[in-house]
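What follows is a set of notes on a single structure, which appears directly below.
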There are 2 protein chains.
Amino acid sequence: MQKGKASILFERDVYISGMASIAGKKEGEGPLGEKIDVVELDPMFGADTWEKAESAMQKQTADLVLEKTDIHRKDIRYLFAGDLLGQLIATSFGTVDLQIPLFGLYGACSTMGEAMSLGALCVDGGYADHVMAMASSHYATAEKQFRFPLGYGNQRPQSTTWTVTGCGSVILSAKGKKNQVRVTGITTGKMVDLGVKDSMNMGAVMAPAAWDTIMQNFEDFGVDEHWYDRIITGDLGEVGQKILLDFMRQKGHDLEEKHMDCGLTIFDNEKQDTHSGGSGCGCAAVTLCAEILPRLLDGTWKRVLFLPTGALLSTISYNEGQSIPAICHGVILECAKGGAGK
Amino acid sequence: MQKGKASILFERDVYISGMASIAGKKEGEGPLGEKIDVVELDPMFGADTWEKAESAMQKQTADLVLEKTDIHRKDIRYLFAGDLLGQLIATSFGTVDLQIPLFGLYGACSTMGEAMSLGALCVDGGYADHVMAMASSHYATAEKQFRFPLGYGNQRPQSTTWTVTGCGSVILSAKGKKNQVRVTGITTGKMVDLGVKDSMNMGAVMAPAAWDTIMQNFEDFGVDEHWYDRIITGDLGEVGQKILLDFMRQKGHDLEEKHMDCGLTIFDNEKQDTHSGGSGCGCAAVTLCAEILPRLLDGTWKRVLFLPTGALLSTISYNEGQSIPAICHGVILECAKGGAGK
């Protein structure tokens, strides 16, 4: 059912049948280390290039979520997936063996939100019994593509975020049990560009997009921050979080207690030297599978707004002096089992 | 309604309310020149970089389709769009002013098929009254990204295709008139990789993907080539067409009379020195809007299978010696007004 300008309330139940997360050594040493399904100590994932490593990670994560849910890959009707790399090569090469009809998505670090939005829409509409949504990033492929070769050992300003080496995957299904997490609604983001040009400060770039989607979600569903147990952005980091809370406060919303950011959850910035926090498609995707869904399943939270955020720049647009537009896709997750969650 | 393994038959009518195409000088000099809405003689589209030129072209095409259909941009609920560039920068920057909730897609030259598939699914499901599907490519941005700077003036083998400078956009709507074209079904492609590594021979790369999706479409809907008045691939060119017809023949299907390729329609290869044919997201998108939809509207054809094809390589994957996986998304277009169409 269409809600307001940019949201959909799902009338059927769209269940999250299962989730899987695989991440790298640094992520394994962070606060979520114990909760990530597989921590791979080899950053090359057994491959001979960084890009093949990221593809291998996607393939392994897809296999793992199928194994955990005991759903055969042939029963997954559609795959909604993406990554950060130009021409989506991590996904293209990573998913070829799965032989599942694929919708390739690019939403930068917002991709997991985009994939779950379209996947849920597909299941709710009766177009599929099971779909898979997946997103990945790899520190080395992202640095190589967006910034400098790792061998340069260049310094990073404190406002930068650290691209997560990780992949998260969920299966969305038309049938499920009452105690499973459900996707109950989505709010689709539009491009937001306030003119920020600093590619070393993605938090400042993406915070306005997160703000825009949260405000739209509140308006479309006629709710506010009290409706949710947590409002969880993708990878704003310390800098972006401050901006978001400021922006929200100016509109009369105090998110201080409700806000959580995946980028501030997956790493311990002080101990791990990750500056402003984690980022990348894998940041929101892994945190979803390792922390957010488990907390909904165990009743800690009842309803959260999951908001992966993406900055849509390339080295070309950056080198040509363009600003950085951003986008944020909101997904409402609920679990009947959850308590008051305050 | 789910049909077979990878297809959907739309139960409601999904109407194409309007279409618009903008292309460059070379395309304007080709066989479709008179039929393209706007032929822009300035390859820079008034901008100061190639990338901004492509973004400007997207913006102008979106504005044009809104103007032609007399639908306000605020009434377009979702935009499904993409291009060939890393991190989709033509789309990201081109659509920011539209302020329409955006699903960014990457399917290489298959993007128009992917956008129309998801857009139609969204309209059929009741999630939107109007959505826009759009895809673009620009010769100069594509050459710069995938091959060599134009200034090098490098030679191209005969098997190469020529990236179309063009953008096509359609509006899909829940309500319409009987004499409009409708999207009646889709078949979603999966990644196909037969190990071809020659980035100067995209036809050979993509033909197996087109074959795979056509065969899947026939199986899922229980039809064959006689069901369609035309089976129209995106940009196989001369080389790819031969391979596709061969592959189909081996499975007992003679597509000789029914097959059409947008890459062989938009350019006159002999006169225009375009070697194997046209390519790029804009190739299928412009040919759709300038030739395919008008032929359905005027009754020449009644039912066609539109199959944009994409090769999912990047310069990184190519330089690392990887093969090139491909994908093809099928969209069934019908017009009640159409005749026998033979």
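Bear in mind that the values here come from a model prediction, so they are computed numbers and not experimental data. Chain letters run A, B, ... following the sequence lines, proteins first and then strands; every chain starts at 1.
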Pick one of side chain, backbone, both or neither for A:L84, based on which atoms fall under 4.5 Å of a heavy atom in chain B. backbone
Contacting moiety of B:F80, where chain A heavy atoms sit under 4.5 Å: side chain
Tell me, side chain or backbone of B:D129 under 4.5 Å from chain A's heavy atoms, or both, or neither? both
If one checks every heavy atom of A:L79 against chain B at 4.5 Å, the contacting part turns out to be neither
Give, as side chain, backbone, both or neither, the part of A:A6 having an atom under 4.5 angstrom from any heavy atom of chain B. both
When only pairs under 4.5 Å are counted, which of B:E114, B:Q2, B:E320 shares the most heavy-atom pairs with chain A? B:Q2
With a 4.5 angstrom heavy-atom cut-off, which part of A:K144 approaches chain B: side chain, backbone, both or neither? side chain
Do any of residues 46-56 of chain B have a heavy atom less than 4.5 Å from a heavy atom of chain A, and if so, which, in residue order? B:T49, B:E51, B:K52
Hey, which of A:A128, A:S117, A:G107 has the most heavy atom pairs under 4.5 Å with chain B? A:A128
As an exercise: rank B:D97, B:D124, B:L98 by heavy-atom pairs under 4.5 Å with chain A and give me the winner. B:D124
Checking the side chain of B:R77 only, and the main-chain atoms of A:S7 only, is there a donor and an acceptor separated by less than 3.5 Å? yes
Taking all heavy atoms of A:H329 and all of B:L102, pick out the closest pair and write down the distance. CE1-O, 3.1 Å
The interface call for A:F146 against chain B, heavy-atom contacts under 4.5 Å, is side chain
Considering only heavy atoms and a distance below 4.5 Å, find which of B:I316, B:L313, B:T315, B:L118 pairs most often with chain A. B:L118
Of the listed B:G86, B:A108, B:S92, B:C122, the one with the largest count of heavy-atom pairs under 4.5 Å with chain A is B:S92
Which atoms form the tightest heavy-atom contact between A:L312 and B:F93, and what is the distance? O-CE1, 3.9 Å
Given heavy-atom pairs under 4.5 angstrom as the criterion, report whether the side chain, backbone, both or neither of A:S110 touches chain B. neither
Applying a strict 4.5 Å limit to non-hydrogen atoms, the region of A:L121 in contact with chain B is both
Look at A:K74, A:Q322, A:K5 and state which one has the largest set of heavy-atom pairs under 4.5 Å with chain B. A:Q322
Any chance you could measure A:K190, atom NZ, to B:I100, atom CD1, to the nearest 0.5 Å? 11.0 Å
What one should report as the nearest heavy-atom pair of B:P101 and A:T188 is CB-O, 3.5 Å
A:Q87 and B:Y106 have their tightest heavy-atom pair at CG-OH, 2.9 Å
Portion of A:Q145 that has a non-hydrogen atom of chain B nearer than 4.5 angstrom: side chain
In terms of heavy-atom contacts, B:T95 and A:M191 come closest through OG1-CG, 3.9 Å
Select, from B:D212, B:T111, B:L105, B:D193, the one with the greatest count of heavy-atom pairs under 4.5 Å involving chain A. B:L105
